[in-house]
Amino acid sequence: MTASTTPTTSTGTSAGTGVERAEGWWRDAVVYQIYPRSFADSNGDGTGDLRGIIDHLDHLSELGVDVVWLSPVYASPMDDNGYDISDYQRIDPLFGSLEDMDELLEQAHARGIKIVMDLVVNHTSDEHAWFEESRRPGSAKRDWYWWRPAREGHEPGTPGAEPTNWSSFFSPSAWQYDEASGEYYLHLFTRKQPDLNWENPEVRQAVYAMMRWWVDRGVDGFRMDVINLISKPVELRDLEPEAGHAYAFPGAEVAHGPRLQEFLREMNEAVGLDRHRLLTVGEMPGSTIEDARAITDPGAGMLNMVFTFEHMNVDVGPSGNKFDPVPLDLVALKRNLESWQVGLADVGWNSLYWDNHDQPRAVSRFGDDSPEYRVASAKTLASVLHAHRGTPYVYQGDELGMTNTQFVDISSYQDVESLNYHAQATSLGVAAEEIMAGLAVRSRDNARTPMQWDDTHQAGFTQGVPWLSVNPNYVVVNAKAERQDPASVFHHVRRLIELRHEQPVLAEGRFELLLGDDPQLWVVRRTLGEQTLLLVANCSSAPATVAEGSLPALDAAQLLLATHGDRRGAELAPWESRMFLV
Ligand code: TEU
């Protein structure tokens, strides 16, 4: 199969692969996210790769997922594990080759599994040919990135000379001085991730051409990295930093810029996102329900879904520092998800997720990963997520109940965000124990420990030395054991996916939160025509009681799925959940 010779028909069928894509197919689909570095290593170099994914497609078939979202596998110097791309149309040799990618597409499609690529176009790597060209003073591509002279009256390269006082997501200043050209360039993430200038139509057309190239290869959609940051404010101005900080985080200033929706419409049209019925989900830190209603409105010609971060910040303290978490308030979490359910009930569509490669493991954060409650809480969290209206995203390993790990010291961490936080907090005099305690529960590396396939050497992930150490609990928590045990988290999640395919009420039913203020119980009712589905879940490590008459009688209800067998009384055990057709 060669590039751009396999046109995609207007009926959404990828001619090259013949994969059917019906209108709105993603509404009753379940997406499985793979973080390639940590999924499966086929050549013993200690890093996961495409062949490793191909070798484990049966695991995904048995689980029953409809789509794989593949975190970046493109050529990259790996400063941010692939979210710093140096060539969008080449696979990094660490992960394999374009032939491997074609085979993954073919083999996945043969199993009815679609493939969604990660689109990282807010920034490139500083080793991308576009940036290397742009770096040259006077280059025709100078305006492909955000170059600015030093602040007036300041010696270039000296502290405070940055064009604005913006901090980046990962480092003190969002500006890097480039000696060779005597100017600064903007990078909202690491200095090796310079931001593209989407104001320049050449940049946009180059991105759309790259996306069409992948569509012609047969991909079924795009997860778009920090896509709400691509439209910057026309005037880059200083912001009010927090007390005691030299730099100000430009989050709100750069998110949802004035031309974002124009760019998303243009992209949709130029690439044929709707025409080819591709799944599109935009990662949008800071996005609100209003933003999502506008952007995911099917008539608006932009995206199918967005990833909001609101529920990811429910347990983040007033400091906004994610490494300084506060205890989880279940009612606040329930009410936040309810607000998005109600907010997108009549227009647009929700994405549903508890975690991903940037967040700690769900069972450790929202559940109880103690040996006593790990399995029940992993199952119940999955039932709660899948009982909401929208497209569920399962992050690799969550179907096994994988937990956060216990790294001993900073040398065990690999994640650039965690290492930067450690350096910054140390320089600000924060106590080492406090820093390490924050990293232990919030570092992105918790999500990136190798997939635990079995109880053999290195959990069956690699025959070599893993790039990040395997969670020592792999002896108990692994795919082989889970798939052999019908009462496992794996088979619970498999059944939830099956129910989404069998019961239209689970995909499309109107959503209602019941007993919203109960601090332990999470009760969801879904209604579609005559069908009513009810989930009753105890999301606490203590027994819970359903108040007399607060819920409909369930004696005659059909039990669909439960963690503790067919029990219908008012008492629920810790982390017990029951799903009924009423
Ligand atoms: O993440 C963007 C983003 O918002 C996260 O960085 C988030 O702020 C943080 O990790 C939460 O702790 C995307 C990718 O998902 C992430 O892996 C990349 O590091 C980042 O963009 C830059 O591409």
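Whatever order the structure lists ligands and atoms in, that order sets their numbers, starting from 1.
Taking 4.0 Å as the cut-off between side-chain N and carboxylate O, Glu253 and Lys232 do not count as a salt-bridged pair. With salt bridges taken as basic N to acidic carboxylate O contacts below 4.0 Å, one links Asp415 and Arg448. Of the charged side-chain nitrogens involved, none lies within less than 4.0 Å of a carboxylate oxygen, so that Asp274 and Arg265 do not count as a salt-bridged pair. Looking at Arg361 and Asp369, no side-chain N of the basic residue comes within less than 4.0 Å of a carboxylate O on the acidic one, giving no salt bridge. The residues Asp368 and Arg374 are annotated as not salt-bridged, no charged nitrogen and carboxylate oxygen being separated by less than 4.0 angstrom.
Scanning the protein heavy atoms around atom 9 (C) of ligand 1, the nearest turns out to be Glu417 OE2, 3.3 Å. Atom 20 (C) of ligand 1 has its closest protein heavy atom at Phe189 CE2, 3.8 Å. Nearest non-hydrogen protein atom to atom 8 (O) of ligand 1 is Phe169 CD2, 3.6 Å. The nearest protein atom to atom 14 (C) of ligand 1, hydrogens excluded, is given as Asp225 OD1, 3.0 Å; this is a heavy-atom distance.
Ring-plane geometry between Trp467 and Tyr35 is classed as tilted, the angle between the planes lying from 30 to 60 degrees on a 0 to 90 degree scale. A perpendicular orientation is assigned to the rings of Tyr353 and Phe307, their planes being inclined by more than 60° (bins at 30° and 60°).
Atoms of ligand 1 found under 4.0 Å from any heavy atom of Phe170, numbered from 1 in the order shown, are 6 (O), 19 (O). When each atom of ligand 1 is checked for a heavy atom of Pro285 under 4.0 Å away, the hits are 4 (O). Near Phe309, with a cut-off below 4.0 Å to any heavy atom, the atoms of ligand 1 are 4 (O). Of all the atoms in ligand 1, the ones that sit under 4.0 Å from a non-hydrogen atom of His357 are 14 (C), 15 (O), 16 (C), 17 (O). Of all the atoms in ligand 1, the ones that sit under 4.0 Å from a non-hydrogen atom of Asp80 are 18 (C), 19 (O), 20 (C), 22 (C), 23 (O).
A cation-pi arrangement is not found for Arg259 relative to Trp198, the charged atom failing to lie both closer than 6.0 Å to the ring centre and inside a 45° cone about the ring normal.
Considering Tyr145, Trp175, Phe131 as possible partners of Tyr185, the one that fulfils the ring pair (Phe, Tyr, Trp, His ring centres under 6.0 Å) test is Phe131.
Considering each of Val120, Leu188, Asp358, Val416, the one bringing a non-hydrogen atom nearest atom 5 (C) of ligand 1 is Asp358. Of the candidates Glu283, Lys322, His123, Lys322 brings a heavy atom nearest to atom 12 (O) of ligand 1.
Neither the backbone nor the side chain of Met284 comes within 4.0 Å of ligand 1, counting heavy atoms alone. Neither the backbone nor the side chain of Arg442 comes within contact range of ligand 1; no heavy atom lies under 4.0 Å.
Between Gln359 and ligand 1, a contact under 3.5 Å exists for no N or O pair.
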